[in-house]
Amino acid sequence: MLDARGLGVDFGQRVILRDFDLRVAPREFVCIVGPSGCGKTTLLRLLAGLAAPSRGELSFNGRRVDGPQPGMAIVFQDYGRALLPWRTVAGNIALALEAGRVPRQEFEPRIAGLLEKMQLAPHADKFPAQLSGGMQQRVQIARCLAQEPQILLMDEPFGSLDAITRHELQDEVCRIARDDGRTVVFVTHDLEEAIYLGDRVVALAANPGRIAEVVDIDLPRPRNQLETREDVRFLQYRHRLYKHLAH
Ligand SMILES: Nc1ncnc2c1ncn2[C@@H]1O[C@H](COP(=O)(O)OP(=O)(O)OP(=O)(O)O)[C@@H](O)[C@H]1O
Ligand SMILES: [Mg+2]
């Protein structure tokens with residue numbers, strides 16, 4: 001579905017990312033993990049067509065990516081800035097339907113379905129400032145899902161949430177990916193989150209950003225916050241990949 005070959009980015013004289021190769025298959029959940037500043041956001045922006053690479057090629061469904069693609073949706077870390085403060089929860093989700101030129105009569109059932117899916121139904125008429133961080137991030141995810149994307153690109157979406165909320169949203173994203181057959185590329189600096197979510201973990205090294213190691217994650221699904229994290233294989237993956245995150 002997504003095919004990156006030899007992607008590289010320079011900012012001025014500085015090489016930020018080099019030789020990035022990745023093929024993502026439909027329905028695959030790929031996590032990209034790496035230390036702060038190694039180029040994860042830069043990479044995700046490339047994959048999303050929001051920035052152009054200095055080198056290499058990128059295609060989505062066999063077509064060269066030269067700008068934002070209709071089949072892609074991006075979830076940003078900073079939900080505070082991603083949502084429109086003057087629109088309600090339902091109004092923020094409607095934004096994606098408006099942009100997608102969905103007929104008006106379909107708005108209500110589609111928004112209701114998304115509110116249900118993201119457990120936001122009681123909050124439809126609230127404004128973002130009236131919601132917790134976790135709920136705001138649910139709204140952003142619901143708005144992305146309203147685009148019915150083939151692929152979700154997520155940049156540290158749970159980075160600023162508390163641990164329990166984070167776990168809940170991890171399970172939510174796993175469920176959506178599985179039930180709706182979505183493909184996900186998920187960027188995080190949290191190794192355990194990457195192993196918990198992914199079918200595959202791509203570990204990046206810094207200066208310049210590059211692939212250090214790629215590991216297939218052989219853990220049963222559905223995953224479980226207690227059992228999966230206690231699985232000896234989970235701990236072995238953690239052990240194996242930890243060195244890439246350490247300074
Ligand atoms: N527009 C820019 N111009 C120049 N340098 C930049 C620009 N954007 C990012 N960089 C540099 O590129 C490197 C990678 O930044 P990036 O934001 O992609 O890292 P990251 O892995 O997402 O970090 P974090 O984990 O902190 O979010 C950093 O050293 C940063 O200073
Ligand atoms: Mg980043």
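Because the structure is predicted, anything quoted here is derived from the model rather than measured. Atoms within each ligand, like the ligands themselves, are counted from 1 in listed order.
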Worksheet entry | More than 12 heavy atoms from other groups under 6.0 Å of CZ on Arg23 | no

Worksheet item: Going from CG on Asn207 to CZ on Arg14, what distance comes out if it is rounded to the nearest 0.5 angstrom?
Response: 6.0 Å

Response to the item:
Taken to the nearest 0.5 Å, the spacing of Leu191 CG from Arg240 CZ works out to 11.5 Å

Response to the item:
A student checking ligand 1 against Thr41 at a 4.0 Å heavy-atom cut-off should list atoms 17 (O), 18 (O), 20 (P), 22 (O), 27 (O)

Worksheet, complete the sentence: So the atoms of ligand 1 within less than 4.0 Å of a heavy atom of Gly39 turn out to be 14 (C), 16 (P), 18 (O), 19 (O), 20 (P), 21 (O)

Discussion item. Is there a side-chain contact between His167 and Phe158 in this structure, where contact means two heavy atoms from C-beta onward sitting under 4.5 Å apart?
Written reply: no

Fill in: Heteroatom N/O/S of Thr41 within less than 2.8 Å of the Mg ion (ligand 2)
yes

Worksheet entry | Within-4.5 Å side-chain heavy-atom neighbours: Val33 and Ile195 | no

Practice prompt. Assess whether atom CZ of Arg87 is packed by more than 12 heavy atoms of other residues, nucleotides or ligands within 6.0 Å.
Written response: yes

Item to complete: Considering only non-hydrogen protein atoms, determine which one is nearest to atom 12 (O) of ligand 1 and report residue, atom name and distance to 0.1 Å.
Response: Ile16 CD1, 3.4 Å

Fill in: atom 26 (O) of ligand 1: nearest protein contact (heavy atom, Å)
Ser36 OG, 2.7 Å

Practice prompt. Would you mind listing which atoms of ligand 1 come within a distance below 4.0 Å of any non-hydrogen atom of Gly37?
Written response: 13 (C), 14 (C), 19 (O), 20 (P), 21 (O), 23 (O), 24 (P), 25 (O), 26 (O), 28 (C), 29 (O)

Practice prompt. Please confirm whether Gln77 comes under 4.0 Å of ligand 1, counting heavy atoms of the residue only.
Written response: no

Discussion item. Does the residue Gly34 have a heavy-atom contact with ligand 1, meaning some pair of atoms that are separated by less than 4.0 Å?
Written reply: no

Worksheet item: Which residue supplies the protein heavy atom nearest to atom 31 (O) of ligand 1, what is that atom called, and how far is it?
Response: Arg14 NH1, 4.0 Å

Worksheet item: Of all the non-hydrogen atoms in the protein, which one sits nearest to atom 9 (C) of ligand 1, and at what distance?
Response: Phe11 CE1, 3.5 Å

Worksheet item: With a 4.0 Å heavy-atom cut-off (strictly under), which part of Thr42 contacts ligand 1: side chain, backbone, both or neither?
Response: both

Worksheet item: Does an N or O from Lys40, backbone or side chain, lie closer than 3.5 Å to an N or O of ligand 1?
Response: yes

Worksheet item: Counting each atom of ligand 1 from 1 as listed, which ones have a heavy atom of Glu156 under 4.0 Å away?
Response: 25 (O), 27 (O)

Discussion item. Between Phe186 and Tyr196, is the ring centroid distance below 6.0 Å?
Written reply: no

Discussion item. What's the separation between atom CG in Asp190 and atom CG in Leu245, rounded to the nearest 0.5 Å?
Written reply: 8.5 Å

Worksheet item: Would you call Arg64-Glu57 a salt bridge at under 4.0 Å N-O?
Response: no

